[in-house]
Amino acid sequence: MSQFPPTPDSDPNADLDPASALINLLNDAQREAVCAPLGNRLILAGAGSGKTRVLIYRMAWLMQIERISPYSMLAVTFTNKAANEMRARLMKLLRTAENSGQPRISAYDLWVGTFHGLAHRLLRQHWQEAGLLENFQIIDSEDQSRIVRKVMKALELDEKNWPPKQAQWFINQCKDEARRPHDLDNYDDVFERTMKQVYKNYQETCERNGLVDFAELLLRVHELWVQNPHILADYQRRFQHILVDEFQDTNTIQYLWLQQLAGAQAHVFAVGDDDQSIYGWRGAKVTNLHHFQQDFPEVQLTKLEQNYRSTGTILEAANRLIGNNPGRLGKNLWTDGEEGLPISLYRAFNEYDEARFIVERVQSWADEGGSLKECAILYRSNAQSRVLEEALLSARLPYRVYGGLRFFERAEIKDAMAYLQLLANEDNDSAFERVVNTPTRGIGDRTVEIVRQEARRNGISMWRAAGQVIVSGELTTRAANALRKFQEMILQLRENTGSLPLHELTEQVLENSGLRAQLKKKNTEKDQTRLENLDELVNATKHYTDESLDSDGLSPLQTFLSKTVLDTGEESSHSGENGVQLMTLHSAKGLEFPLIFLCGLEEKLFPHSMSLQDENGLEEERRLCYVGITRAMRQLYISYAEVRRLHGQENYTRPSRFIHEIPAELLEEIRLRSSNQAVYQAPKAPAFAMDSGAGKFRVGQRVMHPKFGEGVILNSEGSGATERVEVHFGHQGSKWLVLVYANLQAVE
DNA sequence: TTGTAGCCTTTTTTT
DNA sequence: AAGGCTACAA
């Protein structure tokens, strides 16, 4: 471990003068960046080169040496995780400096946040000038999709010919490029004309209901500033120093935003790595790195190429791989640390075998005293996590899955949240429609449709329309009563909104709405976890008390609603704090682990088939692979499966081209299997979960045979009476056995 | 209006 | 494989 220098953030160089204390442990390039004179600067920082550290030290430098008030600084990141980490590390660094007798400087006034978070804050502040309702709410992409679908239905567009997803994509794309419907051409093309119409209607719906989607947050602020120069001028005057992390991930609107805010005065300190640009699909423009150097005056460039994270072998692999991408800004990572172990390559039969292999290696890592949270399993798509989870589960290894179904995206949570949204704003039609009849209370499609029409006819919200329809006699008395009862329930809850603490209010929502009762009634295993999720939700609300309110006079309820949409819910820390980390390659960016498993390196999965259409897509996949490799500090495993079941379909695969792009001498192929030739034949039938009488045999399972003793299932073929499994029995080698006769026993 | 059985489609990454 | 959606019976 000697190759890794101590992390200096907490290093008590207390008796040095402040400047030396700060820069003492930086290398030359890092020091150049941190101590640079004021001005625009681009830091091209390779993976593991201390990018974040430089950013944090720069902030400390500005405050302590340049005597710049934190009040005039703005630091922007892309994820909340990054923002939180940055703030925490900065505070820690300042605290150490404080001990050395420095005057107290607080980072509390400092704006650190994500683009979206900051935009939200600005819009709350200036909702009037931005043309928003005071109690506007933020919607996530699922909400957005629902609204798009509804809009398209109203336009009588058939979902088959007009996939809503496409429309959603179109809308977001436009917004990312700062285009409103009226900015668009009067298309001749039917498709584009229709999309434009959907966009227009969608936007009107959002305006009416006080809803703001992710892209809208950014666009609104942009427009706010265009239309209100005095507001912009205020912020320009305030934020003289703007620091941007992961600059390669900025999209058009974010770039515009920065340009506006910086004006001619501010100094922008941008940190990025073109080789780690992996969000092109959501509008990020790597070219912003180039533009930055042209659009901003006198940009100085610093390259950070020394890597402190990985072994020489891992870096070499990463460099060679990324070398296949043309048009890079050019960077070559190096380390003066040791070469390290070769990269291990494992060819699995199928995904179960792959998972089995990984779990086995994790197990031996743990047996040798390694900590589980130092292991990460990375995959291309979320769907891959399930098999891995099962394997970990049956090995009784704790784990934690990042992303995937986020807590706040689960149906039962969204239901509960919709009630809260409706309490905060009764005109939120999305929320209204979601919960009028969840749980079912006799308000069917018929009734809802009548309410919807009434709302549309009068240009009012569904909540108000419901009130009118109840008295107008358009409904059967039964429906009217049900609807009235629903409204009374909401109104009664609302009475408590102000007086009760948020968690008690939430508790009441769960009880009075019948959400809990509904789940308790069915009481299957899934419903059990759903109930637990609801409890978890109540728990989460406990942090939102009046005292803890930090944002601009919002009620705890409103604060909670906004936070949960923007926050990915990382902190809803469940079990598995000390477990193996499972995540997609995308969410692994910025993290590092001693032991990394990169799995599913197969053509069409990684690189993903969707990205193979164009050269850009492929290059982005390669960068993604580069990100994955460079996460590893000491040891890297790469695996692929010869057969993989995807979308219920079994596929024969070819190893990813990325494997071939890593020099063979850095790789070491691992063969756990017997010498049996049969292993090279692709199995003819599903090689797992055999459903014969014996029950739960599958690849990787340990079994007991009366004559051969204990072994592991390597493979299987056929089904029913002809189902055979290949079992490896230690020194006796592998044998194909017909399951019906073999009399195998599963071994725990 | 509700609940369910069966048909259908969908397959990447996320603030 | 899994979720969404429709059609149908109660």
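Letters go in sequence order (proteins before strands), and every chain restarts at 1.
Computed from coordinates, the A:Leu217 CG to B:dT14 C1' distance equals 14 Å when rounded to whole Å. Between the P atom of B:dT14 and the OH atom of A:Tyr379 lies a distance of 9 Å, rounded to the nearest Å. Going from atom CZ of A:Arg644 over to atom P of C:dA1 covers 15 Å, rounded to whole Å. Rounding to whole angstrom units, CZ of residue A:Phe115 and C1' of B:dT14 are separated by 15 Å. Rounded to an integer number of Å, the gap from CG of A:Asp140 to C1' of B:dT15 is 11 Å.
Closest to the side chain of A:Arg386, from the set B:dT15, B:dT12, C:dA2, is C:dA2. Among the nucleotides B:dG3, B:dT1, B:dT14, the one closest to any side-chain atom of A:Thr440 is B:dG3. Each of B:dT1, B:dT15, B:dT13 was ranked by its minimum atom distance to the side chain of A:Thr584; first place goes to B:dT13.
Nearest-nucleotide mapping onto DNA chain B: of A:Gly444 and A:Thr114, the residue sitting toward the 5' end is A:Gly444.
Across all strands shown, A:Asn382 has heavy atoms under 4.0 Å from sugar-phosphate atoms exclusively, and none from any base. At the heavy-atom level, A:Phe78 lies under 4.0 Å from the strands shown only through sugar-phosphate atoms. If you check every strand for non-hydrogen atoms under 4.0 Å, A:Ser609 touches nothing. Residue A:Asn437 is classed as a sugar-phosphate contact, given heavy-atom separations below 4.0 Å to backbone atoms only. Within the nucleic acid shown, A:Leu605 has no heavy atom closer than 4.0 Å to any nucleic acid atom. Counting non-hydrogen atoms under 4.0 angstrom, A:Arg149 reaches the backbone sugars and phosphates but no base.
One finds no side-chain N or O of A:Ser141 lying less than 4.0 angstrom from the OP1 or OP2 phosphate oxygen of B:dT14. Within the structure, every side-chain polar atom (N or O) of A:Arg441 is placed at least 4.0 Å from both OP1 and OP2 of B:dT2.
At a cut-off of 3.5 angstrom, the base of B:dT1 holds no donor-acceptor pair with the side chain of A:Arg478.
You'll find the side chain of A:His586 reaches within 4.5 Å of the side chain of A:Leu624, heavy atoms only. A 4.5 Å side-chain heavy-atom check between A:Gln384 and A:Arg644 finds at least one atom pair inside the cut-off.
For the pair A:Arg282 and A:Trp169, the cation-pi test (distance below 6.0 Å, angle within 45°) is failed. In this structure, A:Arg622 forms no cation-pi arrangement with A:Tyr626, as its terminal cationic atom is not both closer than 6.0 Å to the ring centre and no more than 45° off the ring axis.
Under a cut-off of 6.0 angstrom, the local environment of CZ in A:Arg446 is sparse, with at most 12 non-hydrogen atoms contributed by other residues, nucleotides or ligands. Counting non-hydrogen atoms of neighbouring residues, nucleotides and ligands closer than 6.0 angstrom, the CG atom of A:Asp614 exceeds 12 such neighbours.
Between A:Trp281 and B:dT13, a base-stacking contact is recorded: ring centres under 5.5 Å apart, planes less than 30° from parallel.
Under the side chain to side chain contact (heavy atoms under 4.5 Å, CB included) rule, A:Glu602 has a single partner from A:Leu646, A:Thr653, A:Ile659, which is A:Thr653.
Here, C:dG4 and B:dT13 have their P atoms 16 Å apart, quoted to the whole Å.
You'll find the ring centres of A:Trp257 and A:Phe115 inside the 6.0 Å limit.
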Check the interface with nucleotides 8-11 of chain B: list each N/O to N/O pair with the protein under 3.5 Å, or write none.
{"residue": "B:dT11", "atom": "OP2", "partner": "A:Lys165", "partner atom": "NZ", "Å": "3.1"}
{"residue": "B:dT11", "atom": "O2", "partner": "A:His647", "partner atom": "ND1", "Å": "2.4"}

